Structures are given as structure tokens and as C-alpha cells.
Amino acid sequence: QQQVKQSPQSLIVQKGGISIINCAYENTAFDYFPWYQQFPGKGPALLIAIRPDVSEKKEGRFTISFNKSAKQFSLHIMDSQPGDSATYFCAAVLQGAQKLVFGQGTRLTINP
Amino acid sequence: KAGVTQTPRYLIKTRGQQVTLSCSPISGHRSVSWYQQTPGQGLQFLFEYFSETQRNKGNFPGRFSGRQFSNSRSEMNVSTLELGDSALYLCASSLVFGNNEQFFGPGTRLTVL
């Protein structure tokens, strides 16, 4: 019940295309859902986050879509660029807690 | 504002040794969490601290321990190192406990030979 399942494991998208990464969870006590971006040799960087009372949040080219009834959320990267090539992690946090429960990660490659 | 800093960045140890890793949170942040990242297991929670108190601990053996100082800096220690402890150890800081925005440092790459 503490797991977050992420798919796909790897994704190749052409420059200018839309990258979509999906996550699913079971525990309805999760109430914060961040996405992190990690480049090789670096720590994860907080990209965008959402709470379950909102169905969508957009920041620049990055959008989180949240489906509370399906217990799923996804990251959409519009107009994907080669610089977006990185590993992306979704995560979830229980209400009142701090611990991040991470998905397994998606290695995104944007072909020029 | 400086980000989360971790020292050392790289470390090579042999089995049976012990190691101490250090984390300085973002100025003003009082909560620190530690994570282990490996290719096989992904990102796994180790422990979290706030006000010098361990608030939660992950499913790791007792060889893994940590502490937080009054200036919010944190250290983690791994005793009797095993080959499987080779990993990237990441520290994340947040303003207060339960403030979900957490910012990671660059990590310490530990290699156990």
C-alpha cells in the first residue's frame, strides 16, 4: 500500500513531441505528489508538485494531471527538448509526514 | 541562497569499515531526510530528522544511523560496511517537518570494495 508504480521505465520522444509518464498509487492517505528530475551525477531536483484537491497543475512546459478516483497521476512535458533528457521520478507523501515514497523512475531520451 | 551541500562527494571504503556522511541543509531549513539510491532498488528512505529528533526510520539494518545537530546539519553513519552498501546517499532538506517541498543535495557516492 506504500508503493508508487511508475511507467514506462524508459521513453524515447522526438524533439518537439509530448512526453508522458504515468504513476499509480494505492494508499488514499497520500496527499502530496511531487515529480523530480535527475541528471547523471546530480541529485533529484523538484520539478512540480500537486495535491489531490487539484486535477491539473501547469508550470511552463510541465503539467501534472491528477485523477483522484483512479489513484493515478501523470507528468506531461510539452514541446520536449534534448535538454529534458533525464530520469524522472514521481513520488508521494502521506498526510502530515515527510517521507517521500518514490516510483522506480523513467529514463527519458529526447531525440534531436 | 546556497543549496543543500553534502560532503564528501565521493568515498571509497572496504568491507567492514565504517563511514560518516555529512549534510548541510539550505539556510533556514530545519528538517533533513536521507535516501539511498541504487540502480536495483531505486530511491529508498533511510531516516528523517527535525529539531535534532529522528521522526521516522526506513527499513534498513541498525548499521545505518544518523543524527541532527542544533544548527540543523545532519550526519549519517554506516558501520561494518558491506558490498551492498555501495550507493548514492542523498540528503534532502525542507523548511519544517511536514512541509512537503524537499530539496536534494548532490549526494555522496559511496563505493565499498
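We name chains A, B, ... by the order of the sequence lines, and we start the count at 1 in each one. Computed from a predicted model, the values in this text were never measured in an experiment.
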Under the criterion side chain to side chain contact (heavy atoms under 4.5 Å, CB included), I'd like the reasoning laid out for V101(A) against F45(B): C-alpha separation, chi angles, the key distance, then a yes or no. CA-CA 7 Å; V101(A) 178; F45(B) 170 77; over 6 Å; no
May I ask you to check whether over 12 heavy atoms, not counting those of [X], lie within 6.0 Å of atom [atom1]?
X: E59(A); atom1: CD; result: yes
X: N59(B); atom1: CG; result: no
X: R107(A); atom1: CZ; result: no

Membership question, hydrophobic clusters at under 4.5 Å side-chain separation (ILVMFWY): are [Y] and [X] in the same one?
X: V19(B); Y: L88(B); value: no
X: F103(B); Y: Y89(B); value: no
X: L95(B); Y: V32(B); value: no
X: V78(B); Y: L113(B); value: no
X: I48(A); Y: L11(A); value: yes

Ring centroids only, cut at 6.0 angstrom: are Y35(B) and F102(A) within range, meaning strictly under it?
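Y35(B) vs F102(A): aromatic centres under 6.0 Å.
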(message) The test is side chain to side chain contact (heavy atoms under 4.5 Å, CB included); show your working for Q37(B) and F89(A) and say whether it passes.
(response) CA-CA 12 Å; Q37(B) 185 174 25; F89(A) 293 94; 3.5 Å; yes
Which bit of [X] comes within less than 4.5 Å of chain A, counting heavy atoms only: side chain, backbone, both or neither?
X: L43(B); value: both
X: Q41(B); value: backbone
X: R9(B); value: side chain

Using non-hydrogen atoms and a 4.5 Å limit, figure out which bit of [X] sits close to chain B: side chain, backbone, both or neither.
X: Q95(A); answer: neither
X: K99(A); answer: both
X: P44(A); answer: both

- Query: Given side chains that start at C-beta, do those of L100(A) and S33(B) come closer than 4.5 Å, heavy atoms only?
  - Reply: no
Residue pair F104(B), Q38(A): steps toward the side chain to side chain contact (heavy atoms under 4.5 Å, CB included) verdict:
CA-CA 10 Å; F104(B) 282 85; Q38(A) 186 177 28; over 6 Å; no
Quiz item: Strictly by modelled atom types, are Q98(A) and S94(B) linked by a side-chain donor-acceptor pair under 3.5 Å?
Solution: yes
